[in-house]
Amino acid sequence: MEWLIFGFLSLWLLVSVFGTLFLKNPVHVILAFLSVILAIAGIFLHLGAELLAGLQLIIYAVAIIVFYVLVITTIPWEKVKKFEGIYKREALMAVPFLLISFLPIAYMVLKGKFAVSQKVITEGNIQSVGKALFTNYLFPFEVASVILLTAMIGAILLGRKEE
Amino acid sequence: MKIEVAYILISIFLFLSGLFGVIIRKNLITLLVSTELMLNGVNLGLVSMDKMVGGVEGQVFALFMLTVAAAEVAVGLGLVVAIFRLRGYEGSSEITQLRD
């Protein structure tokens with residue numbers, strides 16, 4: 001049963017990844033990326049990370065996708081259409097390189113030994129992640145808010161029209 | 001083979017296909033979408049590693065990575081809009097200068 005769910009989710013993910021890579025129209029690419037995000041949220045649920053699955057849906061599927069679509073509507077469509085598709089020569093160059101870099105990593109993952117599970121989590125996922133986030137990782141959590149503020153100021157500064 | 005190992009393989013594939021998209025894509029917006037694919041691949045690897053080891057730290061890091069992804073998409077799309085406003089700088093092969 002577990003492998004059935006794995007097969008379904010990973011097949012869905014691979015099909016939508018290929019759609020993201022090779023579709024021509026940018027709107028279709030963004031729709032395929034939305035499909036990727038939904039598949040990854042399903043995988044997170046399968047791996048028992050409910051909090052991240054919800055956050056993936058809220059942040060990626062709502063905020064980031066809507067932002068991409070908004071930017072596509074602001075840019076003139078002819079400029080977007082002028083450069084679509086892929087570079088063929090670079091694709092031919094990149095395939096063997098990425099295959100060669102995939103195979104040793106896959107070999108190491110398959111043959112290597114991983115650390116065994118030591119502690120058993122008894123409480124729920126959201127509870128334990130929240131506890132870790134607000135005790136051990138409180139300072140990075142606060143720094144993350146500063147990063148978001150800086151990104152917001154930078155985006156306003158970059159997107160401003162020059163008079 | 002445990003199921004987490006299979007998910008780690010999937011995450012490596014996702015990261016490398018994001019890199020492939022960054023190399024081959026012509027349009028700037030689709031290029032940014034490919035970087036999002038890379039970020040998602042790293043997230044998937046962290047969460048599956050977490051399931052294997054039995055901790056929650058990977059999920060905390062994945063949460064921070066979501067924050068970084070939001071910041072990156074805000075700044076990156078702002079840059080894309082600013083580039084599209086210039087004349088003659090629309091494709092990823094035409095941007096060869098950092099300033100006028």
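This structure is a prediction, so every number in the text was calculated from the model and none was measured. Letters go in sequence order (proteins before strands), and every chain restarts at 1.
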A.B. asks: Does either side chain, that of B/Q59 or that of A/N125, offer a donor lying less than 3.5 Å from an acceptor on the other one?
C.D. replies: yes
A.B. asks: Locate the shortest heavy-atom distance separating A/L9 from A/A39; write the atom from each residue and the value.
C.D. replies: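 Minimum heavy-atom contact is CD2-O, 4.1 Å.
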A.B. asks: For B/E72, which atoms come within 4.5 Å of any heavy atom of chain A: side chain, backbone, both, or neither?
C.D. replies: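 For B/E72, there is no contact with chain A at all, as no heavy atom is under 4.5 Å.
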A.B. asks: Please give me the minimum heavy-atom distance between A/A53 and A/A41, naming the atom from each residue.
C.D. replies: CB-O, 3.6 Å
A.B. asks: If hydrophobic clusters are built by linking Ile, Leu, Val, Met, Phe, Trp and Tyr wherever their side-chain heavy atoms come under 4.5 Å apart, do A/V29 and A/V69 end up in the same one?
C.D. replies: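 Yes, A/V29 connects to A/V69 through the hydrophobic network.
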A.B. asks: Between A/F8 and A/L34, is there shared hydrophobic-cluster membership here, with clusters defined by ILVMFWY side-chain heavy atoms closer than 4.5 Å?
C.D. replies: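 The answer is yes; both residues are in one hydrophobic cluster.
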A.B. asks: Can you tell me which portion of B/F13 sits under 4.5 Å from chain A's heavy atoms? Options are side chain, backbone, both or neither.
C.D. replies: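 Contact with chain A is through both the backbone and side chain of B/F13.
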A.B. asks: For chain B, which of A/Y68, A/F18, A/Y137 has the most heavy-atom pairs under 4.5 Å?
C.D. replies: A/Y68
A.B. asks: Starting from A/M152, can I reach A/L148 by hopping between I/L/V/M/F/W/Y residues whose side chains sit under 4.5 Å apart?
C.D. replies: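 In one cluster: no.
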A.B. asks: Of the listed residues (A/L21, A/L14, A/V17), which shares the most heavy-atom pairs with chain B below a 4.5 Å separation?
C.D. replies: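 Of the candidates given, the most pairs with chain B belong to A/L21.
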A.B. asks: Examine whether an atom of A/A63 lies under 4.5 Å from a heavy atom of chain B, and if so say whether it belongs to the side chain, the backbone or both; otherwise answer neither.
C.D. replies: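 No part of it gets close to chain B.
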A.B. asks: Who among A/A91, A/G154, A/A155, A/A32 has the most heavy-atom pairs with chain B under 4.5 Å?
C.D. replies: A/A91
A.B. asks: Which heavy atom of B/R25 sits nearest to which heavy atom of A/L23, and what is that distance?
C.D. replies: NH2-O, 2.7 Å
A.B. asks: Heavy-atom cut-off 4.5 Å, strictly under: side chain, backbone, both or neither for B/I8 against chain A?
C.D. replies: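 Side chain of B/I8 only, per the 4.5 Å heavy-atom cut-off to chain A.
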A.B. asks: If you look at every heavy atom in A/L98 and B/L16, which pair is closest and at what distance?
C.D. replies: CD1-O, 3.6 Å
A.B. asks: Is it the backbone or the side chain of A/L51 that comes under 4.5 Å from a heavy atom of chain B, or both, or neither?
C.D. replies: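 Interface part for A/L51: side chain.
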A.B. asks: Can you tell me which portion of A/Y60 sits under 4.5 Å from chain B's heavy atoms? Options are side chain, backbone, both or neither.
C.D. replies: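 The answer is the side chain of A/Y60.
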A.B. asks: Using non-hydrogen atoms only, which part of B/L32 is less than 4.5 Å away from chain A: side chain, backbone, both, or neither?
C.D. replies: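 When you check distances to chain A, atoms from both the backbone and side chain of B/L32 fall under 4.5 Å.
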A.B. asks: Measure distances from B/F64 to the heavy atoms of chain A and classify the residue's part below 4.5 Å as side chain, backbone, both or neither.
C.D. replies: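 For B/F64, side-chain heavy atoms alone lie under 4.5 Å from chain A.
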A.B. asks: Give the cluster check for A/V129 versus A/I58: same hydrophobic cluster or not, with ILVMFWY residues linked at side-chain heavy-atom distances below 4.5 Å.
C.D. replies: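 Different clusters: A/V129 never reaches A/I58 through Ile, Leu, Val, Met, Phe, Trp or Tyr contacts under 4.5 Å.
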A.B. asks: Using a 4.5 angstrom heavy-atom cutoff, name the option from B/L37, B/I10, B/V5 with the most pairs to chain A.
C.D. replies: B/L37
A.B. asks: For A/V95, is it the side chain, the backbone, both or neither that has a heavy atom under 4.5 Å from a heavy atom of chain B?
C.D. replies: both
A.B. asks: Among A/F33, A/F6, A/F102, which residue has the highest count of heavy-atom pairs closer than 4.5 Å to chain B?
C.D. replies: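 The residue among A/F33, A/F6, A/F102 with the greatest pair count is A/F6.
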A.B. asks: Might you point out which heavy atoms bring A/T74 and A/V71 nearest each other, and give the distance in Å?
C.D. replies: OG1-O, 2.7 Å
A.B. asks: Please determine, among B/V80, B/D50, B/I23, B/V81, the option with the most heavy-atom pairs under 4.5 Å with chain A.
C.D. replies: B/I23
A.B. asks: I need the residue from B/A71, B/A82, B/G58 with the largest number of non-hydrogen atom pairs under 4.5 Å to chain A.
C.D. replies: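 Among B/A71, B/A82, B/G58, the one with the most close pairs to chain A is B/A71.
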A.B. asks: Looking only at heavy atoms, what is the nearest atom pair of A/E2 and A/H46, with distance?
C.D. replies: CG-NE2, 3.4 Å
A.B. asks: What residue in B/V73, B/L79, B/I24, B/L14 has the most heavy-atom pairs under 4.5 Å with chain A?
C.D. replies: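 Most pairs with chain A among the choices: B/I24.
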A.B. asks: Side chain, backbone, both or neither: which part of A/L157 has a heavy atom under 4.5 Å from chain B?
C.D. replies: neither
A.B. asks: Compare all side-chain heavy atoms of B/L39 with those of B/T35 and state whether any distance is below 4.5 angstrom.
C.D. replies: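 The answer is no, as the side chains (C-beta and beyond) never meet within the 4.5 Å cut-off.
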A.B. asks: Same cluster for A/L47 and A/W3 if Ile/Leu/Val/Met/Phe/Trp/Tyr side chains link at under 4.5 Å?
C.D. replies: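 Same hydrophobic cluster.
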A.B. asks: Would you mind telling me which of B/V47, B/T30, B/V68 has the largest number of heavy-atom pairs within less than 4.5 Å of chain A?
C.D. replies: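 Result: the option with the highest number of such pairs is B/V47.
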A.B. asks: Below 4.5 Å, heavy-atom pairs only: which of A/Y87, A/F97, A/F22 has the largest tally toward chain B?
C.D. replies: A/Y87
A.B. asks: Please determine, among A/I59, A/I64, A/I30, the option with the most heavy-atom pairs under 4.5 Å with chain B.
C.D. replies: A/I64
